Amino acid sequence: MIDVRRLRVELDATKAALARKGVPGAEVNRAATLDVEQRRLAREAEDLRGRVKVLSKQVGDAMREGEPAKAEALREESRLLGNELATVEREGSKTERQLRDALLRLPNLPAPDAPDGTSEADNVVVRTVGYDPARYGPHQRVPHWDIGTDLHILDMERGAKISGSMFSLFTGEGATLARALCQLALDRNSDAFTEVRPPSLVRTPAMEAVGQLPKFADDAYHLERDDLWAIPTGEVPLTFMRANEILTAEELPMRLMAYTPCFRRESGAAGRDTRGLLRVHEFDKVELVAICTRTDAPALHQELLERATGAIAALGLPYRVVDISTGDLGQSHARQFDIEVYAPGCDMWLEASSVSWFSDYQARRAAIRYRPRTGGQTQVCDTLNGSALAVPRVWAALVETYRQADGSVEIPDCLQPYFRGLTSITGSVGRVG
RNA sequence: GGAGGGAUGCGAGAGUGGCCGAAUCGGACGGUCUCGAAAACCGUUGUGGGUGUACGCCCACCGUGGGUUCAAAUCCCACUCCCUCCGCCA
């Protein structure tokens, strides 16, 4: 969430910044009003509590001095104040809850240099790398769902039999390819990132901290019986790992990576771009997370972007980098670059990675602070994350791009080490159907 | 799933209704001493919030949330987590 103090010292600037994300000024005003009211009630409660404390002490003294009548009188006085205090406290905590809820729902301020806009249409393509439509032959203009069926490496029908539509089932070399992509992503980033294998089911506070809740509850799978959420991304456990901790300056910047499954209900996306692997409920992803100081954040954002594009480039896939406009920025995001990979079979640019800077929005919710090297007050950290590689769409673009005239799929050099000597996918290995 | 024990400051650990934001030991930091170090001694050492120009002052926090009471780390209830044993089980 944003720093409440902003609402006190620079309300207009905050409103202007949030207006770029389409937040009505009234919503910001409401939070500001609640803040004023909350502090007023807190001050009143403090005052009353202080008086009760003094009186209570005097009751004890009177008892010890053997003056029961005096004690009783003081007790009565304190009781009355106590009732008053209870009323003020009730009101205070109600206001506090409302304020907290209002703050949780206010999105992060966009970075000043994020492009203005009202929707996806205003996103800016920053650069396109390796794309040449003339270079593709007809054998590459086959969508991956057909290739998958031909080579027996992707079986959406049986995936649906097991779990319903939009659940993928990789078989044989298809499964190997999915795993190899993750292995490659982990290996490429192991120079600077600590590998983590976190839980895939998390508690509500973890989802709240990264901004998934309360606003986007419908997008996540929830296990009611145990009140656990299936993570939509490794970002959730990786960011929450250090929640409620004060880090030392020496630990920063902290670089973490994890290979996790990701679960998404895609509640609002029914029927839209759902063929094959374009949109699935469960997929594997290698996520990179950085926790750092404000000063280090911009450089880390660039670093994450380079690492994410680096993996796509290493696979020999054309891609473009999109600067997300304020109209399309996520709730927690200050700045976001998407990497879209070109899939010649579908003839589509597929969003394959999202590299984001959250300023201190997530860290404030998660209470991740650090103590500056110079000592003094703790500071809220900045958080960033990006997909080092998300399997399905890269898998799709890859088999479409590397499809040969004979129908086989060549395995790019950098993946071959994970293929037990295979150099191309012919569908002959581990045939299931 | 059953039985029992526990959760206190950076760590260990005392505290069972008022004198407790909290003994004691340890750690860390600063200082005295020393050529320097060790030892010894002295001091400092949690988080969040409010308020004032300011040395500051005030409030909250002893796992979380409720309750009892004039007064709660301390009593009661619920929950969460950790540990031990048994059962089950990759």
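Note on naming: letters A, B, ... go to the chains in the order of the sequence lines (proteins, then strands), and numbering restarts at 1 for each one. Bear in mind the structure is a predicted one, so any value in this text is a computation, not a measurement.
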Just jot down the side-chain hydrogen bond (donor to acceptor under 3.5 Å, both in side chains) partners of [X], sequence neighbours excluded, or say none.
| X | answer |
| --- | --- |
| A/Asn123 | A/Ser325, A/Asp328 |
| A/Ser93 | none |
| A/Glu10 | A/Arg6 |
| A/Glu195 | none |

Its dot-bracket string being built from Watson-Crick and G-U pairs below 3.5 Å, with | for another strand and [ ] for crossing, RNA chain B has the pattern ((((((((.[[[..)..(.....]]]((((((.......))))))((((((....)))))).[[[[[..)....]]]]])))))))....
Can you give me the N/O atom pairs linking the protein to nucleotides 80-83 of chain B at distances under 3.5 Å, or say none if there are none?
from, atom 1, to, atom 2, distance (Å)
B/U80, O2', A/Arg203, NH1, 3.3

Notebook entry, point to check: side-chain contact (heavy atoms from CB on, under 4.5 Å) with A/Lys215: which residues, sequence neighbours excluded?
Noted result: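 Residues passing side-chain contact (heavy atoms from CB on, under 4.5 Å) with A/Lys215: A/Arg105, A/Gln331.
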Below 3.5 Å is the cut-off: list the nitrogen or oxygen pairs between protein and nucleotides 63-70 of chain B, distance only.
from, atom 1, to, atom 2, distance (Å)
B/C70, OP1, A/Arg79, NH1, 2.5
B/C70, O4', A/Arg75, O, 3.4
B/C70, O2', A/Ser56, OG, 3.1
B/C70, O2', A/Ser78, OG, 2.1

Handout entry: With sequence neighbours excluded, residues passing salt bridge (charged side-chain N to carboxylate O under 4.0 Å, His left out) with A/Lys21
Key =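 In terms of salt bridge (charged side-chain N to carboxylate O under 4.0 Å, His left out), with neighbours along the sequence ignored, A/Lys21 is linked to no residue.
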Atom pairs under 3.5 Å, N or O on each side, protein against nucleotides 57-59 of chain B: can you list them with distances?
from, atom 1, to, atom 2, distance (Å)
B/C59, O2', A/Arg49, NH1, 3.2

* To do: Give every residue pair that meets the salt bridge (Lys or Arg N to Asp or Glu O under 4.0 Å) criterion with at least one member in residues 22-38 of chain A, sequence neighbours excluded.
  =>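 Non-adjacent pairs meeting salt bridge (Lys or Arg N to Asp or Glu O under 4.0 Å): A/Arg8-A/Asp35, A/Asp35-A/Arg39, A/Glu37-A/Arg40.
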What pairs meet the side-chain hydrogen bond (donor to acceptor under 3.5 Å, both in side chains) rule with one or both residues in residues 379-391 of chain A, with sequence neighbours excluded?
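For residues 379-391 of chain A, and leaving out neighbouring residues, the side-chain hydrogen bond (donor to acceptor under 3.5 Å, both in side chains) pairs sorted by first residue read A/Glu235-A/Asn385, A/Arg294-A/Asp382, A/Ser353-A/Ser387, A/Trp357-A/Asp382, A/Gln362-A/Thr383.
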